[in-house]
Amino acid sequence: MSNQELEVLGQTRECCPGLLTAPLDEEQATELSKVFKALADPVRLRLLSMIASRAGGEVCVCDLTPAFDLSQPTISHHLKHLKQAGLIDSERRGTWVYYWLLPEMTDRLAGILTRPAGQPLGQSDHTPAGAAS
């Protein structure tokens, strides 16, 4: 992702380093914890995967609900959490609501969790004392 793309997202490489290159500040950690909390539920993770992998880039809630042994209101509740976390967006079209992935957030998560190529990890990368090598 270019610096210009990051600036559009309200980030720059200097202010928002990857998790593995510099500690997060309190605000970043609070914001990101909401996203990770949304992803920590298996139903939400499956829903996100179903939305993200859908041909055409969007999916109707009517196509998501049958994949689960859950009520439609419960599926809507999980979708609401994904939307509040900035992972998906939606639009009502008549009776149905259509959902699509917001790749900016998944790209941001990938960038935060990715170690720059060729750079070793810090001290935690070393084999613990007494461990077999």
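Heavy atoms only: backbone and side chains are in, while hydrogens, waters and symmetry mates are out.
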Engineer: Would you find a donor on one side and an acceptor on the other, under 3.5 Å apart, between the side chain of R46 and the backbone of S49?
Structural biologist: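 Absent.
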Engineer: Identify the two heavy atoms, one from M50 and one from A67, that lie closest to each other, and give their separation to 0.1 Å.
Structural biologist: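 Heavy atoms of M50 and A67 come nearest at CE-CB, 3.5 Å.
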Engineer: What's the shortest heavy-atom distance between T106 and P103, and which atoms?
Structural biologist: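 Smallest heavy-atom distance, with atoms named: OG1-O, 3.1 Å.
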Engineer: Please check if the number of heavy atoms outside E27 that lie under 6.0 Å from its CD is greater than 12.
Structural biologist: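 No, because the 6.0 Å sphere around CD of E27 holds 12 heavy atoms or fewer from other groups.
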Engineer: Can you tell me how far apart SG (C60) and CH2 (W96) are? Round to the nearest 0.5 Å.
Structural biologist: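 Those atoms lie 5.5 Å apart.
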Engineer: Mind checking whether I51 and L87 have side chains closer than 4.5 Å, heavy atoms only?
Structural biologist: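 Side-chain contact under 4.5 Å: no.
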Engineer: Can you confirm whether E91 sits close enough to W100 that some side-chain heavy atom of one is under 4.5 Å from a side-chain heavy atom of the other?
Structural biologist: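 Yes, side chains in contact.
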Engineer: With a 4.5 Å cut-off on side-chain heavy atoms, are L101 and D89 touching?
Structural biologist: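 Not in contact.
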Engineer: Taking atom NE2 of H77 and atom OG of S71, what is their separation to the nearest 0.5 Å?
Structural biologist: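 Nearest 0.5 Å value for the NE2-OG distance: 10.5 Å.
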Engineer: Enter the distance from R108:CZ to M105:CE here, rounded to the nearest 0.5 Å.
Structural biologist: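 So the CZ of R108 and the CE of M105 are separated by 5.5 Å.
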Engineer: Is the shortest side-chain heavy-atom distance between K83 and H78 below 4.5 Å?
Structural biologist: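 No, every pair of side-chain atoms sits at 4.5 Å or beyond.
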Engineer: To the nearest 0.5 Å, tell me how far D63 CG sits from E58 CD.
Structural biologist: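 CD of E58 is found 10.5 Å from CG of D63.
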Engineer: When you compare the side chain of F68 with that of L47, does any pair of heavy atoms fall below 4.5 Å?
Structural biologist: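 The answer is yes; the side chains approach within 4.5 Å.
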Engineer: With a 4.5 Å cut-off on side-chain heavy-atom distances among I, L, V, M, F, W and Y, is there a chain of contacts connecting L102 to V61?
Structural biologist: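 In one cluster: no.
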Engineer: Could you tell me whether the side chain of I112 reaches within less than 4.5 Å of the side chain of L32, counting heavy atoms only?
Structural biologist: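 They are in side-chain contact.
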Engineer: Side-chain contact, heavy-atom cut-off 4.5 Å: R44 with L39?
Structural biologist: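 No, side chains not in contact.
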Engineer: Distance-only, no hydrogens or angles: does the T74 side chain make a donor-acceptor pair with backbone N or O of L70 under 3.5 Å?
Structural biologist: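 No: the side chain of T74 does not pair with the backbone of L70.
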Engineer: Between CD of E31 and CG of L24, what distance do you get to the nearest 0.5 Å?
Structural biologist: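 Rounded to the nearest 0.5 Å, the CD-CG separation comes to 10.0 Å.
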Engineer: Please check: side-chain N/O of S33 versus main-chain N/O of T30, any donor-acceptor pairing under 3.5 Å?
Structural biologist: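 Present.
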Engineer: Could you go through F36 and L109, starting from their C-alpha distance and side-chain angles, then the distance that decides it, and tell me whether this counts as side-chain contact (heavy atoms from CB on, under 4.5 Å)?
Structural biologist: CA-CA 9 Å; F36 285 117; L109 292 175; 3.8 Å; yes
Engineer: Looking at D25, is its backbone amide N or carbonyl O close enough to the side chain of Q28 to form a donor-acceptor pair, meaning the two atoms are under 3.5 Å apart?
Structural biologist: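 Checked: pair present.
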